[in-house]
Amino acid sequence: MYLDLDLRGLLSVCLSVSSDTVRDTFLIDPAVILIAVGVVMFFITFCGCIGALRDNIRLLKAFSFSLTLVFLTQLAIAVLGFFYSDQTRDALGKFVKKAIVHYRDDLDLQNLMDYTQKEFKCCGWSDYSDWSWNLYFNCSQGNPSRERCGVPYSCCTPVPGEAVINTMCGFGVQARTGDPAAAQQIYPVGCADRAVLWIESHLLLVGALALGLALPQIAGIVLSQILITQIQDEIFSVL
């Protein structure tokens with residue numbers, strides 16, 4: 001009887017841990033995020049396209065309302081991110097921590113992390129020691145992984161003339177804290193600082209991207225409202 005209870009308890013713990021892992025991986029999976037954005041965009045464009053073709057006021061109102069909601073959400077995120085920069089940085093840090101933890105669990109996430117670190121020439125969120133959050137790179141004595149105390153190859157500085165990428169270049173780097181050679185072997189700066197520096201040095205590009213996102217949405221909202229007004233005027237003139 002006690003053995004049965006122990007097995008049930010162990011099974012419930014395993015299922016709980018497994019469900020948490022699946023949920024965290026699902027929420028940070030780039031493919032899932034892109035699919036969700038695609039579904040929202042399809043719904044909005046469907047309402048706008050069919051509503052304009054069929055002069056359907058309900059679909060046009062749904063299009064206008066959805067586009068307004070998306071625009072206001074983006075605006076609120078931008079304003080809150082500007083005025084609450086520390087809280088925004090902490091929230092992004094939690095997201096990146098989950099991405100580091102599940103780095104080996106999802107190939108799309110792994111490729112995204114590697115691409116980000118290579119493009120921004122950074123390692124981890126604050127610094128390269130953040131990779132100790134990952135089960136495989138954790139630096140604890142009991143970790144049997146061959147990648148123990150290491151970092152992904154995307155953290156390594158490129159070697160001039162290297163034809164084949166050495167995917168083992170980051171092995172054991174975390175255990176060599178304070179070693180100048182290790183600091184030259186990988187990017188010592190975290191991606192948080194690199195992202196801030198990139199934004200500060202590309203303010204014109206960031207502003208142009210924000211304007212490029214906002215103007216089509218505003219135009220869609222205004223034009224849909226104009227079309228709704230014209231359709232209503234035609235209906236009232238017939239009546």
Side-chain angles (χ1 to χ4, degrees), residues 19-102 106 108-109 111-113 115-116 119-120 125 191-192 195-196 198-200 202-239:
S19 62
D20 292 341
T21 302
V22 171
R23 185 184 68 248
D24 290 342
T25 307
F26 183 81
L27 292 176
I28 60 176
D29 188 346
V32 174
I33 296 173
L34 290 175
I35 290 172
V37 172
V39 169
V40 173
M41 290 180 63
F42 173 79
F43 171 77
I44 294 175
T45 54
F46 176 82
C47 291
C49 182
I50 302 302
L53 287 174
R54 296 297 182 181
D55 291 341
N56 190 307
I57 293 179
R58 290 183 179 178
L59 287 177
L60 287 172
K61 285 184 177 180
F63 170 77
S64 179
F65 175 78
S66 301
L67 206 56
T68 303
L69 186 62
V70 170
F71 175 73
L72 292 177
T73 302
Q74 293 174 350
L75 184 63
I77 291 173
V79 171
L80 291 174
F82 180 78
F83 286 104
Y84 299 95
S85 57
D86 292 337
Q87 290 85 342
T88 303
R89 181 166 178 157
D90 292 340
L92 288 174
K94 292 178 181 178
F95 181 84
V96 173
K97 181 178 180 179
K98 287 184 178 181
I100 290 175
V101 170
H102 299 288
D106 187 277
D108 294 329
L109 180 62
N111 292 333
L112 178 62
M113 291 291 295
Y115 175 81
T116 302
E119 287 296 315
F120 283 94
W125 178 245
C191 293
V196 172
W198 187 89
I199 292 173
E200 289 177 351
H202 296 82
L203 287 176
L204 185 62
L205 177 61
V206 173
L209 288 174
L211 196 62
L213 286 173
L215 286 179
Q217 295 178 44
I218 295 174
I221 295 169
V222 172
L223 291 175
S224 63
Q225 289 297 324
I226 292 174
L227 185 56
I228 289 171
T229 303
Q230 291 178 347
I231 295 172
Q232 288 177 337
D233 290 341
E234 288 181 4
I235 294 173
F236 290 145
S237 64
V238 172
L239 295 176

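Here the structure is a predicted model, which means the values were calculated and not measured. Residue numbers count from 1 along this sequence.
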Do [X] and [Y] have side chains that get closer than 4.5 Å, going by heavy atoms?
| X | Y | result |
| --- | --- | --- |
| I33 | D29 | no |
| T116 | M113 | no |
| L209 | L213 | no |
| F63 | I50 | no |

Point to revise | Nearest heavy-atom neighbours spanning A195 and F120 | key: CA-CE2, 4.3 Å
Practice item. Give the minimum heavy-atom separation between L109 and A99, together with the two atoms involved. Key: CD2-O, 3.6 Å
Can you tell me how far [atom2] of [Y] sits from [atom1] of [X], rounded to the nearest 0.5 angstrom?
| X | Y | atom1 | atom2 | answer |
| --- | --- | --- | --- | --- |
| L60 | I231 | CG | CD1 | 5.0 Å |
| S64 | I226 | OG | CD1 | 11.0 Å |
| L72 | L67 | CG | CG | 10.0 Å |
| C49 | F42 | SG | CZ | 10.0 Å |
| Q230 | Q225 | CD | CD | 12.0 Å |
| L80 | L75 | CG | CG | 9.5 Å |

Practice item. Output every pair passing salt bridge (charged side-chain N to carboxylate O under 4.0 Å, His left out) with a member in residues 67-91, not counting sequence neighbours, ordered by first then second residue. Key: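 Every salt bridge (charged side-chain N to carboxylate O under 4.0 Å, His left out) pair that includes a residue of residues 67-91, provided the two are not neighbours, is R89-D193.
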Check your understanding: Should the heavy atoms of other residues, nucleotides or ligands under 6.0 Å from CG of L204 be counted, would the total exceed 12?
Key -> no
Practice item. With sequence neighbours left out, write down each residue that passes side-chain hydrogen bond (donor to acceptor under 3.5 Å, both in side chains) with Q87, or none if nothing qualifies. Key: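 For Q87, no residue satisfies side-chain hydrogen bond (donor to acceptor under 3.5 Å, both in side chains) once neighbours in sequence are set aside.
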**Study point:** Sequence-distant partners of Q74, side-chain hydrogen bond (donor to acceptor under 3.5 Å, both in side chains), two or more places apart
**Key:** Q217
Point to revise | Criterion side chain to side chain contact (heavy atoms under 4.5 Å, CB included) against S66, the qualifying member of T45, I44, I221 | key: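 The residue from T45, I44, I221 that satisfies side chain to side chain contact (heavy atoms under 4.5 Å, CB included) with S66 turns out to be I44.
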